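Report on the following structure.
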Amino acid sequence: MWKWTDPDNIKAIILDVDSLDEAYLSFPYIQYIPDVQLFLVQDENNTHDKEVEVKEYYDITNLLQDILVDSNCDSTSIISISNNPLFLKDMMRYHIGTILTHNLAKDFLRNTPDFTACTINMLPKILKGEVSGYAAEVYATYGKTVPQMRLLKIENEISLSDGTNREVIVFIGGRYYSEKHHYLLNDPLSFDVLNFKRYYTYSVDLFFDAALYSLRKRESIDALTYIPLKPGESKYDRFVGLKLEKNSIDGMKLQQILEFKKSFSQKGNNLSMRKENVKGAFNVISDVKDKNIIIIDDVYSTGSTIEEAIKTLYENGANKVFAILLAVNQMTESNIKYQNLKCRLCGKEMKLKMSKDGKLFFGCSAYNQHKELPPTIDLKHGLKSLKDKNKLEVTTVRDLEDEY
(Lines give C-alpha, C1' and ligand atoms only; values in the text may rest on other atoms or scores of the structure.)
Protein backbone atom coordinates (compact mmCIF):
# COMPACT_ATOMS: atom_id res chain seq x y z
CA MET A 1 0.00 0.00 0.00
CA TRP A 2 1.04 3.57 -0.58
CA LYS A 3 2.27 5.12 2.67
CA TRP A 4 2.09 8.78 1.67
CA THR A 5 0.42 8.77 -1.76
CA ASP A 6 -3.23 9.37 -2.60
CA PRO A 7 -3.74 6.58 -5.17
CA ASP A 8 -6.83 8.27 -6.62
CA ASN A 9 -5.00 11.52 -7.31
CA ILE A 10 -1.63 10.72 -8.90
CA LYS A 11 -0.61 13.68 -11.05
CA ALA A 12 3.17 13.35 -11.51
CA ILE A 13 5.67 10.51 -11.95
CA ILE A 14 9.42 10.77 -11.38
CA LEU A 15 11.43 8.40 -13.59
CA ASP A 16 15.03 7.64 -12.60
CA VAL A 17 16.90 7.71 -15.92
CA ASP A 18 20.10 6.47 -14.26
CA SER A 19 18.60 3.06 -13.47
CA LEU A 20 15.53 2.44 -15.63
CA ASP A 21 15.65 0.74 -18.99
CA GLU A 22 13.92 2.10 -22.10
CA ALA A 23 10.72 0.12 -21.50
CA TYR A 24 9.93 2.16 -18.38
CA LEU A 25 11.06 5.48 -19.83
CA SER A 26 8.88 5.13 -22.95
CA PHE A 27 5.92 3.47 -21.23
CA PRO A 28 2.54 5.14 -22.10
CA TYR A 29 1.75 6.34 -18.58
CA ILE A 30 -0.88 8.79 -19.83
CA GLN A 31 -2.89 5.85 -21.11
CA TYR A 32 -3.51 4.78 -17.52
CA ILE A 33 -3.45 8.17 -15.74
CA PRO A 34 -4.77 10.88 -18.10
CA ASP A 35 -2.83 14.17 -18.00
CA VAL A 36 -0.13 12.76 -15.73
CA GLN A 37 3.13 14.75 -15.79
CA LEU A 38 6.42 12.89 -16.32
CA PHE A 39 9.74 14.05 -14.87
CA LEU A 40 12.76 12.17 -16.17
CA VAL A 41 15.58 12.89 -13.75
CA GLN A 42 19.29 12.14 -13.64
CA ASP A 43 22.23 12.78 -11.34
CA GLU A 44 24.24 15.60 -12.91
CA ASN A 45 27.42 13.55 -12.53
CA ASN A 46 26.11 10.87 -14.89
CA THR A 47 25.69 10.93 -18.64
CA HIS A 48 23.08 9.37 -20.87
CA ASP A 49 22.46 8.88 -24.56
CA LYS A 50 18.67 9.01 -24.39
CA GLU A 51 16.93 11.38 -26.81
CA VAL A 52 14.58 12.72 -24.18
CA GLU A 53 14.41 15.82 -22.02
CA VAL A 54 16.01 15.09 -18.65
CA LYS A 55 16.05 17.16 -15.48
CA GLU A 56 19.52 17.00 -13.94
CA TYR A 57 19.95 17.32 -10.19
CA TYR A 58 22.74 17.40 -7.63
CA ASP A 59 20.66 16.53 -4.58
CA ILE A 60 17.20 15.09 -3.96
CA THR A 61 16.07 18.00 -1.76
CA ASN A 62 16.36 20.59 -4.52
CA LEU A 63 15.09 18.17 -7.15
CA LEU A 64 11.85 17.59 -5.27
CA GLN A 65 11.40 21.30 -4.60
CA ASP A 66 11.70 21.95 -8.34
CA ILE A 67 9.21 19.21 -9.16
CA LEU A 68 6.69 20.47 -6.59
CA VAL A 69 6.83 23.91 -8.23
CA ASP A 70 6.86 22.67 -11.85
CA SER A 71 4.07 20.14 -11.36
CA ASN A 72 1.93 22.47 -9.23
CA CYS A 73 0.70 19.51 -7.19
CA ASP A 74 1.10 18.12 -3.68
CA SER A 75 3.70 15.49 -2.83
CA THR A 76 0.78 13.13 -2.09
CA SER A 77 0.15 13.18 -5.86
CA ILE A 78 3.74 12.33 -6.85
CA ILE A 79 5.24 8.86 -7.21
CA SER A 80 8.72 7.73 -8.23
CA ILE A 81 9.88 4.71 -10.22
CA SER A 82 13.43 3.38 -10.12
CA ASN A 83 15.55 0.26 -10.33
CA ASN A 84 17.80 1.69 -7.61
CA PRO A 85 16.68 1.13 -3.98
CA LEU A 86 19.01 3.91 -2.75
CA PHE A 87 17.29 6.44 -5.01
CA LEU A 88 13.92 5.31 -3.67
CA LYS A 89 15.18 5.43 -0.09
CA ASP A 90 15.81 9.17 -0.59
CA MET A 91 12.32 9.55 -2.04
CA MET A 92 10.80 7.82 1.00
CA ARG A 93 12.54 10.24 3.34
CA TYR A 94 10.51 13.03 1.71
CA HIS A 95 7.25 11.04 1.70
CA ILE A 96 7.16 10.39 -2.04
CA GLY A 97 5.48 7.19 -3.27
CA THR A 98 7.94 4.54 -4.47
CA ILE A 99 7.98 1.70 -7.01
CA LEU A 100 11.01 -0.60 -7.36
CA THR A 101 11.21 -2.42 -10.68
CA HIS A 102 13.09 -5.50 -9.42
CA ASN A 103 13.13 -7.78 -6.41
CA LEU A 104 14.35 -6.17 -3.21
CA ALA A 105 17.64 -7.57 -1.94
CA LYS A 106 17.89 -8.62 1.69
CA ASP A 107 20.28 -5.74 2.47
CA PHE A 108 17.59 -3.17 1.56
CA LEU A 109 14.65 -4.71 3.41
CA ARG A 110 14.78 -2.05 6.11
CA ASN A 111 13.87 0.58 3.54
CA THR A 112 11.15 -1.22 1.64
CA PRO A 113 9.39 0.75 -1.14
CA ASP A 114 5.61 0.84 -1.53
CA PHE A 115 5.81 -1.67 -4.39
CA THR A 116 8.63 -4.02 -5.38
CA ALA A 117 9.32 -6.45 -8.25
CA CYS A 118 7.24 -4.25 -10.55
CA THR A 119 7.56 -5.69 -14.04
CA ILE A 120 6.47 -3.66 -17.03
CA ASN A 121 3.38 -5.89 -17.27
CA MET A 122 2.47 -5.23 -13.64
CA LEU A 123 2.85 -1.45 -13.93
CA PRO A 124 -0.62 -0.78 -15.41
CA LYS A 125 -2.30 -2.61 -12.50
CA ILE A 126 -0.43 -0.48 -9.95
CA LEU A 127 -1.23 2.76 -11.77
CA LYS A 128 -4.92 1.83 -12.03
CA GLY A 129 -5.08 0.77 -8.39
CA GLU A 130 -5.74 -2.89 -9.16
CA VAL A 131 -2.82 -4.03 -6.99
CA SER A 132 -3.53 -3.10 -3.41
CA GLY A 133 -0.11 -3.65 -1.81
CA TYR A 134 1.49 -5.94 0.77
CA ALA A 135 -1.01 -8.42 2.15
CA ALA A 136 -0.55 -7.87 5.91
CA GLU A 137 -0.85 -4.11 5.46
CA VAL A 138 -4.08 -4.58 3.52
CA TYR A 139 -5.58 -6.91 6.14
CA ALA A 140 -4.55 -4.55 8.96
CA THR A 141 -6.20 -1.61 7.20
CA TYR A 142 -9.30 -3.20 5.71
CA GLY A 143 -9.68 -6.39 7.75
CA LYS A 144 -10.78 -8.38 4.73
CA THR A 145 -9.54 -9.87 1.48
CA VAL A 146 -8.71 -7.37 -1.25
CA PRO A 147 -7.78 -8.60 -4.77
CA GLN A 148 -4.18 -8.65 -5.95
CA MET A 149 -2.33 -8.51 -2.64
CA ARG A 150 1.38 -9.25 -2.66
CA LEU A 151 4.13 -10.56 -0.40
CA LEU A 152 7.76 -9.53 -0.23
CA LYS A 153 9.85 -12.49 -1.35
CA ILE A 154 13.46 -12.86 -0.23
CA GLU A 155 15.65 -15.67 -1.54
CA ASN A 156 18.93 -16.55 0.12
CA GLU A 157 21.18 -19.49 1.04
CA ILE A 158 22.43 -20.80 4.36
CA SER A 159 25.43 -23.02 5.00
CA LEU A 160 24.87 -26.14 7.05
CA SER A 161 27.46 -27.61 9.41
CA ASP A 162 28.28 -30.32 6.84
CA GLY A 163 29.39 -27.65 4.36
CA THR A 164 26.37 -27.87 2.06
CA ASN A 165 24.19 -24.91 1.16
CA ARG A 166 20.40 -24.91 1.28
CA GLU A 167 17.88 -22.51 -0.18
CA VAL A 168 16.03 -20.08 2.08
CA ILE A 169 12.78 -18.55 0.82
CA VAL A 170 11.14 -16.00 3.12
CA PHE A 171 7.80 -14.29 2.46
CA ILE A 172 6.96 -11.10 4.35
CA GLY A 173 3.53 -9.52 4.72
CA GLY A 174 4.44 -5.84 5.02
CA ARG A 175 6.34 -3.13 6.88
CA TYR A 176 6.59 -2.48 10.61
CA TYR A 177 7.57 0.95 11.99
CA SER A 178 8.77 1.05 15.58
CA GLU A 179 8.47 4.17 17.73
CA LYS A 180 12.24 4.59 17.52
CA HIS A 181 11.98 5.40 13.83
CA HIS A 182 9.13 7.83 13.39
CA TYR A 183 8.77 7.55 9.65
CA LEU A 184 5.11 6.85 10.24
CA LEU A 185 3.30 6.64 13.54
CA ASN A 186 -0.25 5.34 13.82
CA ASP A 187 0.39 2.75 11.13
CA PRO A 188 -2.27 -0.02 11.10
CA LEU A 189 0.10 -2.95 10.60
CA SER A 190 2.55 -1.64 13.21
CA PHE A 191 -0.38 -1.34 15.62
CA ASP A 192 -1.36 -4.94 14.87
CA VAL A 193 2.21 -6.21 15.34
CA LEU A 194 2.33 -4.77 18.86
CA ASN A 195 -1.21 -5.85 19.66
CA PHE A 196 -0.52 -9.41 18.47
CA LYS A 197 2.15 -9.83 21.15
CA ARG A 198 -0.55 -9.52 23.84
CA TYR A 199 -3.90 -10.47 22.34
CA TYR A 200 -5.53 -12.47 19.60
CA THR A 201 -5.64 -10.19 16.55
CA TYR A 202 -8.17 -11.01 13.86
CA SER A 203 -6.40 -9.30 10.94
CA VAL A 204 -3.15 -11.15 11.77
CA ASP A 205 -5.06 -14.43 11.75
CA LEU A 206 -6.56 -13.53 8.36
CA PHE A 207 -3.12 -12.74 6.95
CA PHE A 208 -1.39 -15.91 8.09
CA ASP A 209 -4.35 -18.04 7.04
CA ALA A 210 -4.36 -16.54 3.53
CA ALA A 211 -0.57 -16.62 3.13
CA LEU A 212 -0.25 -20.21 4.32
CA TYR A 213 -3.14 -21.36 2.17
CA SER A 214 -1.74 -19.61 -0.91
CA LEU A 215 1.70 -21.19 -0.48
CA ARG A 216 0.19 -24.61 0.17
CA LYS A 217 -1.64 -24.41 -3.17
CA ARG A 218 1.73 -24.06 -4.93
CA GLU A 219 3.87 -26.37 -2.79
CA SER A 220 3.29 -29.75 -1.19
CA ILE A 221 3.51 -28.99 2.56
CA ASP A 222 3.62 -31.58 5.34
CA ALA A 223 3.69 -29.41 8.47
CA LEU A 224 3.07 -25.86 9.72
CA THR A 225 5.08 -24.56 12.66
CA TYR A 226 6.20 -21.34 14.35
CA ILE A 227 8.97 -19.70 16.34
CA PRO A 228 8.23 -20.68 19.96
CA LEU A 229 8.42 -18.54 23.08
CA LYS A 230 11.79 -18.22 24.75
CA PRO A 231 12.17 -19.50 28.32
CA GLY A 232 10.89 -16.85 30.72
CA GLU A 233 8.88 -14.97 28.09
CA SER A 234 5.25 -14.00 28.56
CA LYS A 235 2.89 -16.91 29.06
CA TYR A 236 0.81 -15.67 26.13
CA ASP A 237 1.82 -17.70 23.06
CA ARG A 238 0.46 -15.61 20.20
CA PHE A 239 0.66 -18.33 17.55
CA VAL A 240 -1.24 -20.96 19.52
CA GLY A 241 -4.36 -18.78 19.39
CA LEU A 242 -4.47 -18.47 15.59
CA LYS A 243 -7.53 -20.17 14.09
CA LEU A 244 -6.32 -20.44 10.46
CA GLU A 245 -9.78 -21.43 9.27
CA LYS A 246 -8.95 -22.13 5.60
CA ASN A 247 -6.03 -24.36 6.51
CA SER A 248 -7.88 -26.09 9.33
CA ILE A 249 -10.57 -27.36 6.94
CA ASP A 250 -8.21 -30.02 5.62
CA GLY A 251 -6.52 -30.64 8.95
CA MET A 252 -3.44 -28.40 8.59
CA LYS A 253 -2.86 -26.76 11.96
CA LEU A 254 0.16 -25.18 13.61
CA GLN A 255 2.23 -27.56 15.67
CA GLN A 256 5.27 -26.91 17.84
CA ILE A 257 8.33 -28.49 16.23
CA LEU A 258 11.05 -26.30 17.74
CA GLU A 259 11.89 -25.21 21.26
CA PHE A 260 14.53 -22.81 22.56
CA LYS A 261 17.47 -24.24 24.49
CA LYS A 262 18.19 -20.86 26.04
CA SER A 263 16.77 -17.39 26.54
CA PHE A 264 18.36 -14.27 25.07
CA SER A 265 17.49 -10.79 23.87
CA GLN A 266 18.28 -9.36 20.45
CA LYS A 267 17.30 -5.76 21.24
CA GLY A 268 20.06 -3.29 20.52
CA ASN A 269 22.36 -5.92 19.00
CA ASN A 270 24.01 -5.53 15.63
CA LEU A 271 23.84 -8.22 12.95
CA SER A 272 26.93 -10.15 14.03
CA MET A 273 25.83 -10.17 17.69
CA ARG A 274 22.35 -11.34 16.71
CA LYS A 275 23.76 -14.22 14.69
CA GLU A 276 26.06 -15.24 17.53
CA ASN A 277 23.28 -15.02 20.15
CA VAL A 278 20.93 -17.29 18.24
CA LYS A 279 23.52 -19.85 17.14
CA GLY A 280 22.49 -23.32 18.29
CA ALA A 281 19.47 -21.89 20.09
CA PHE A 282 16.88 -24.47 18.94
CA ASN A 283 16.01 -28.08 19.65
CA VAL A 284 13.79 -30.10 17.30
CA ILE A 285 11.09 -31.89 19.30
CA SER A 286 9.23 -33.59 16.45
CA ASP A 287 10.20 -35.73 13.48
CA VAL A 288 10.93 -33.53 10.44
CA LYS A 289 12.86 -35.98 8.26
CA ASP A 290 12.03 -35.56 4.55
CA LYS A 291 9.17 -33.15 5.35
CA ASN A 292 8.28 -29.88 3.63
CA ILE A 293 7.64 -27.30 6.34
CA ILE A 294 6.38 -23.74 6.63
CA ILE A 295 7.54 -21.81 9.68
CA ILE A 296 5.98 -18.48 10.71
CA ASP A 297 7.05 -15.58 12.93
CA ASP A 298 5.95 -12.01 13.54
CA VAL A 299 8.78 -9.50 12.89
CA TYR A 300 11.82 -9.84 10.62
CA SER A 301 14.66 -7.58 11.74
CA THR A 302 17.96 -9.04 10.52
CA GLY A 303 16.70 -12.52 9.76
CA SER A 304 19.06 -14.14 12.28
CA THR A 305 16.38 -15.97 14.28
CA ILE A 306 14.33 -17.28 11.37
CA GLU A 307 17.44 -18.38 9.47
CA GLU A 308 18.77 -20.26 12.50
CA ALA A 309 15.40 -21.99 12.84
CA ILE A 310 15.43 -22.95 9.16
CA LYS A 311 19.01 -24.18 9.47
CA THR A 312 18.07 -26.33 12.47
CA LEU A 313 15.19 -27.91 10.56
CA TYR A 314 17.41 -28.68 7.57
CA GLU A 315 20.13 -30.19 9.76
CA ASN A 316 17.51 -32.46 11.30
CA GLY A 317 16.48 -33.83 7.92
CA ALA A 318 13.77 -31.50 6.61
CA ASN A 319 13.41 -31.64 2.85
CA LYS A 320 12.30 -28.05 2.15
CA VAL A 321 11.57 -25.14 4.48
CA PHE A 322 9.68 -21.92 3.74
CA ALA A 323 9.16 -18.99 6.09
CA ILE A 324 6.28 -16.49 6.32
CA LEU A 325 6.63 -13.41 8.52
CA LEU A 326 4.05 -10.80 9.38
CA ALA A 327 6.27 -7.74 8.86
CA VAL A 328 9.82 -6.50 8.35
CA ASN A 329 11.20 -3.84 10.70
CA GLN A 330 11.81 -0.53 8.93
CA MET A 331 14.64 1.92 9.60
CA THR A 332 13.59 4.70 7.23
CA GLU A 333 14.29 8.11 8.72
CA SER A 334 12.11 10.99 7.60
CA ASN A 335 13.29 14.44 6.56
CA ILE A 336 9.83 15.74 7.45
CA LYS A 337 8.88 16.19 11.09
CA TYR A 338 5.94 13.91 11.76
CA GLN A 339 2.66 15.64 12.66
CA ASN A 340 0.02 13.56 14.34
CA LEU A 341 -3.74 14.09 14.47
CA LYS A 342 -4.95 16.22 17.39
CA CYS A 343 -8.10 15.99 19.49
CA ARG A 344 -10.32 19.02 18.77
CA LEU A 345 -11.40 19.19 22.42
CA CYS A 346 -8.10 19.05 24.30
CA GLY A 347 -5.33 19.15 21.68
CA LYS A 348 -3.84 15.81 22.76
CA GLU A 349 -2.66 13.31 20.14
CA MET A 350 -5.16 11.02 18.47
CA LYS A 351 -3.88 7.45 18.45
CA LEU A 352 -4.95 4.23 16.83
CA LYS A 353 -7.35 2.19 18.95
CA MET A 354 -9.34 -0.97 18.39
CA SER A 355 -13.09 -1.29 18.90
CA LYS A 356 -14.70 -4.34 20.48
CA ASP A 357 -15.51 -5.72 17.03
CA GLY A 358 -11.84 -5.47 15.98
CA LYS A 359 -12.05 -2.32 13.84
CA LEU A 360 -9.34 0.34 14.06
CA PHE A 361 -10.12 4.02 14.61
CA PHE A 362 -8.37 7.15 15.88
CA GLY A 363 -9.21 8.22 19.42
CA CYS A 364 -7.90 10.80 21.87
CA SER A 365 -4.94 9.55 23.89
CA ALA A 366 -6.36 11.34 26.95
CA TYR A 367 -9.95 10.17 26.46
CA ASN A 368 -10.35 9.21 30.16
CA GLN A 369 -9.73 12.85 31.17
CA HIS A 370 -12.61 14.20 29.09
CA LYS A 371 -15.77 15.40 30.77
CA GLU A 372 -17.67 14.92 27.53
CA LEU A 373 -17.43 12.15 24.98
CA PRO A 374 -14.14 12.69 23.07
CA PRO A 375 -14.22 12.73 19.26
CA THR A 376 -13.11 9.79 17.14
CA ILE A 377 -11.99 9.57 13.51
CA ASP A 378 -12.56 6.51 11.35
CA LEU A 379 -9.46 4.81 9.96
CA LYS A 380 -9.90 5.79 6.30
CA HIS A 381 -10.32 9.52 6.98
CA GLY A 382 -7.63 9.50 9.67
CA LEU A 383 -5.02 8.01 7.34
CA LYS A 384 -5.98 10.48 4.60
CA SER A 385 -5.57 13.38 7.06
CA LEU A 386 -2.16 12.07 8.15
CA LYS A 387 -0.98 12.03 4.54
CA ASP A 388 -2.10 15.62 4.08
CA LYS A 389 -0.55 16.83 7.35
CA ASN A 390 2.81 15.19 6.52
CA LYS A 391 3.22 16.12 2.89
CA LEU A 392 6.35 17.79 1.57
CA GLU A 393 5.97 21.56 1.44
CA VAL A 394 7.56 24.07 -0.94
CA THR A 395 10.19 26.05 0.95
CA THR A 396 11.84 29.41 0.27
CA VAL A 397 15.27 28.47 1.61
CA ARG A 398 16.81 28.44 -1.87
CA ASP A 399 15.55 31.96 -2.53
CA LEU A 400 18.03 33.18 0.07
CA GLU A 401 20.77 30.94 -1.33
CA ASP A 402 20.30 32.38 -4.80
CA GLU A 403 21.16 35.88 -3.58
CA TYR A 404 24.73 34.90 -2.70
Side-chain angles (χ1 to χ4, degrees), residues 134-136 138-140 142-155 166-174 189 192-193 195-230 233-260 282-300 305-327 357-358:
Y134 304 122
V138 174
Y139 278 115
Y142 299 107
K144 59 184 179 180
T145 302
V146 177
Q148 293 289 318
M149 291 184 291
R150 295 172 59 81
L151 296 173
L152 281 166
K153 182 181 180 181
I154 307 299
E155 298 181 76
R166 298 299 297 270
E167 184 181 41
V168 174
I169 300 178
V170 178
F171 297 96
I172 302 174
L189 180 55
D192 275 357
V193 167
N195 194 60
F196 181 54
K197 294 181 182 296
R198 299 171 294 169
Y199 311 106
Y200 169 79
T201 305
Y202 179 60
S203 61
V204 174
D205 198 341
L206 286 176
F207 162 71
F208 276 121
D209 194 26
L212 288 166
Y213 189 74
S214 176
L215 183 53
R216 286 183 56 222
K217 288 197 295 185
R218 302 195 304 271
E219 300 282 345
S220 176
I221 300 298
D222 302 301
L224 309 179
T225 190
Y226 57 94
I227 297 294
L229 292 174
K230 299 187 189 76
E233 274 192 322
S234 166
K235 293 181 180 180
Y236 177 70
D237 194 336
R238 53 199 180 277
F239 295 115
V240 172
L242 293 177
K243 298 174 183 177
L244 305 179
E245 291 183 358
K246 285 184 179 179
N247 292 276
S248 297
I249 290 174
D250 55 3
M252 289 295 285
K253 296 184 178 182
L254 287 175
Q255 56 181 293
Q256 185 175 353
I257 292 177
L258 297 170
E259 67 176 7
F260 276 105
F282 293 101
N283 276 327
V284 173
I285 59 175
S286 180
D287 180 28
V288 299
K289 187 170 177 58
D290 298 325
K291 290 184 178 181
N292 295 338
I293 301 169
I294 305 177
I295 182 169
I296 67 174
D297 198 11
D298 52 3
V299 176
Y300 184 108
T305 300
I306 196 69
E307 288 184 4
E308 183 65 22
I310 293 171
K311 179 181 178 181
T312 302
L313 292 171
Y314 274 135
E315 292 192 330
N316 281 268
N319 178 58
K320 199 167 187 179
V321 183
F322 301 91
I324 298 176
L325 288 97
L326 180 60
D357 61 358

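Being a predicted model, the structure only gives us computed values, none of them experimental.
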I need the minimum non-hydrogen distance between [X] and [Y], along with the two atoms involved.
X: A223; Y: I257; result: CB-CD1, 4.1 Å
X: A136; Y: G174; result: CB-N, 4.2 Å
X: L254; Y: T225; result: CD2-O, 3.7 Å
X: S248; Y: K253; result: OG-CG, 4.0 Å
X: I227; Y: A309; result: CD1-CB, 3.6 Å
X: Y300; Y: E307; result: OH-OE2, 4.2 Å

Test Y134 against L189 for side-chain contact (heavy atoms from CB on, under 4.5 Å), laying out the working first. CA-CA 10 Å; Y134 304 122; L189 180 55; over 6 Å; no
Does T312 reach the main-chain N or O of F282 with its side chain, forming a donor-acceptor pair under 3.5 Å?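 Side chain of T312 to backbone of F282: no pair is present.
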Does Y314 use its side chain to pair, donor to acceptor, with the backbone of V321 at less than 3.5 Å?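 Yes: the side chain of Y314 pairs with the backbone of V321.
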Rounded distance (nearest 0.5 Å) linking atom [atom1] of [X] with atom [atom2] of [Y]:
X: L313; Y: E315; atom1: CG; atom2: CD; answer: 10.0 Å
X: I310; Y: T305; atom1: CD1; atom2: OG1; answer: 11.0 Å
X: F208; Y: T201; atom1: CZ; atom2: OG1; answer: 10.5 Å
X: I285; Y: Q255; atom1: CD1; atom2: CD; answer: 9.5 Å
X: L229; Y: D237; atom1: CG; atom2: CG; answer: 4.0 Å
X: Y139; Y: D192; atom1: OH; atom2: CG; answer: 13.0 Å

Before we go on, tell me: are the rings of F239 and F196 under 6.0 Å apart, centre to centre?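 Between F239 and F196, the centre distance is under 6.0 Å.
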Does K243 make a cation-pi contact with Y200 (under 6.0 Å, within 45 degrees of the axis)?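 Verdict for Y200: a cation-pi partner in K243.
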Side-chain polar contacts of residues 292-299 - donor-acceptor pairs under 3.5 angstrom, sequence neighbours left out - could you list them?
unit_1 : atom_1 : unit_2 : atom_2 : d
N292   : OD1    : N319   : ND2    : 2.7
N292   : OD1    : K320   : N      : 3.4
N292   : ND2    : S220   : O      : 2.8
D298   : OD2    : K197   : NZ     : 3.0
D298   : OD2    : R238   : NE     : 3.0
D298   : OD2    : R238   : NH2    : 3.3

Return each pair, listed once, that meets salt bridge (Lys or Arg N to Asp or Glu O under 4.0 Å) where at least one residue sits in residues 209-218; pairs must be two or more places apart or across chains.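 For residues 209-218, and leaving out neighbouring residues, the salt bridge (Lys or Arg N to Asp or Glu O under 4.0 Å) pairs sorted by first residue read R216-D250.
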Do the non-hydrogen side-chain atoms of K153 and I169 ever get within less than 4.5 Å of each other?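 K153 vs I169: side chains touch.
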Check: V138 and F207 side chains under 4.5 Å, non-hydrogen atoms: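 F207 does not reach V138 side chain to side chain.
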Within 6.0 angstrom of E245 CD, more than 12 heavy atoms from elsewhere: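 Not buried by this count: 12 neighbours or fewer within 6.0 Å.
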Just wondering, more than 12 heavy atoms not from Y213 lying within 6.0 Å of its OH?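 Not more than 12 within 6.0 Å, no.
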Please lay out, stage by stage, how L244 and D205 fare under the test side-chain contact (heavy atoms from CB on, under 4.5 Å). CA-CA 6 Å; L244 305 179; D205 198 341; 3.7 Å; yes
